[in-house]
S.K.: 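To start, I am sharing the structure in question, which I have written as structure tokens.
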Amino acid sequence: LTDISIEICTSFDEMIAAFFNAEDRQNGYYIGKDRFDAIQKFPLKSITIAGCYGSLSTLQNVEHVGQFMGNTKREAKSMIGSSHKIVLLD
């Protein structure tokens, strides 16, 4: 899963770059209007992948799966740019 995640993040970053001009790519952000029509700086788009594999019996129920994956995704999103976090469950 880690290799696939890396490939997806790399491909996404290469493709999304075509949507931004050189100045925006160099700055790491673009300037646009938010939903309130206010001008803002927005970070360039990125993708975050969270996943797990292994013994799912360590997760007690569907709610626990949701909480676990939510925490895993938050950890991945704390990294700058496109990121991934894949967890092995023992």
Side-chain angles (χ1 to χ4, degrees):
L1 288 175
T2 299
D3 290 344
I4 293 169
S5 298
I6 291 169
E7 186 176 330
I8 291 169
C9 288
T10 301
S11 295
F12 179 88
D13 289 343
E14 289 170 357
M15 288 187 287
I16 200 69
F19 292 92
F20 300 99
N21 63 41
E23 182 181 357
D24 293 343
R25 287 193 304 269
Q26 185 175 355
N27 290 337
Y29 64 84
Y30 64 98
I31 297 174
K33 290 185 179 182
D34 65 14
R35 64 178 172 251
F36 303 109
D37 213 27
I39 295 178
Q40 300 282 335
K41 287 182 184 178
F42 295 97
L44 299 183
K45 301 301 178 190
S46 62
I47 188 171
T48 303
I49 300 170
C52 67
Y53 67 100
S55 178
L56 295 178
S57 63
T58 60
L59 302 173
Q60 299 149 352
N61 54 46
V62 174
E63 184 178 336
H64 191 223
V65 172
Q67 290 170 344
F68 178 81
M69 290 310 301
N71 289 335
T72 302
K73 180 105 180 212
R74 262 188 295 287
E75 287 179 38
K77 284 181 130 335
S78 70
M79 301 174 211
I80 296 173
S82 293
S83 59
H84 67 279
K85 180 154 178 93
I86 307 298
V87 178
L88 169 61
L89 301 173
D90 293 326

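Heavy atoms only: backbone and side chains are in, while hydrogens, waters and symmetry mates are out.
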S.K.: Under 4.5 Å side-chain heavy-atom separation, chaining through any Ile, Leu, Val, Met, Phe, Trp or Tyr, what else clusters with V62? Say none if it is isolated.
M.R.: none
S.K.: If a pair satisfies side chain to side chain donor-acceptor pair (under 3.5 Å) and one of its residues is in residues 79-89, list it, with sequence neighbours excluded.
M.R.: D13-S82, E75-K85
S.K.: Mind checking side-chain contact (heavy atoms from CB on, under 4.5 Å) for Q26 and listing every partner two or more places apart, or none if nothing turns up?
M.R.: none
S.K.: Holding to salt bridge (charged side-chain N to carboxylate O under 4.0 Å, His left out), I want the full list of residues that pass it with K33, two or more places apart in sequence or in another chain.
M.R.: D37
S.K.: Going by side-chain contact (heavy atoms from CB on, under 4.5 Å), name the residues that satisfy it together with A38, two or more places apart in sequence or in a different chain.
M.R.: D34, Q40
S.K.: Suppose clustering is done on Ile, Leu, Val, Met, Phe, Trp and Tyr with side-chain heavy atoms closer than 4.5 Å. Which residues sit in the same group as Y29?
M.R.: I31, I39
S.K.: According to the ring pair (Phe, Tyr, Trp, His ring centres under 6.0 Å) rule, which pairs have a member within residues 52-79, sequence neighbours left out?
M.R.: none
S.K.: Looking at residues at least two apart in the chain, or sitting in another chain, which of them share a ring pair (Phe, Tyr, Trp, His ring centres under 6.0 Å) with F42?
M.R.: Y30
S.K.: Show me the donor-acceptor pairs, under 3.5 Å and distance only, between side chains in residues 5-12 and residues at least two apart or in other chains.
M.R.:
unit_1, atom_1, unit_2, atom_2, d
S5, OG, L1, O, 2.9
T10, OG1, I6, O, 2.9
S11, OG, E7, O, 3.0

S.K.: Using the rule that two of Ile, Leu, Val, Met, Phe, Trp, Tyr join whenever any of their side-chain heavy atoms come within less than 4.5 Å, decide whether I49 and L44 are in one cluster.
M.R.: yes
S.K.: To the nearest 0.5 Å, tell me how far Q67 CD sits from E63 CD.
M.R.: 5.0 Å
S.K.: Between V87 and L56, is there a shared hydrophobic cluster once you connect ILVMFWY residues whose side-chain heavy atoms come closer than 4.5 Å?
M.R.: yes
S.K.: Are any non-hydrogen side-chain atoms of F20 and K45 less than 4.5 angstrom apart?
M.R.: yes
S.K.: Hydrophobic clusters here meaning ILVMFWY residues chained together by side-chain heavy-atom distances under 4.5 Å, can you tell me if L89 and V65 are in one?
M.R.: yes
S.K.: My understanding is that only residues two or more places apart in sequence, or in another chain, count here; which of them pass side-chain contact (heavy atoms from CB on, under 4.5 Å) with D90?
M.R.: L88
S.K.: Whether the side chain of N27 engages the backbone of E23 through a donor-acceptor N/O pair (distance < 3.5 Å, no angle test) should be reported.
M.R.: yes
S.K.: Applying side-chain hydrogen bond (donor to acceptor under 3.5 Å, both in side chains), can you list everything that pairs with S78, at least two apart in sequence or on another chain?
M.R.: none
S.K.: Taking side-chain hydrogen bond (donor to acceptor under 3.5 Å, both in side chains) as the definition, give me every residue that meets it alongside N71, ordered by chain and number, with sequence neighbours left out.
M.R.: R74
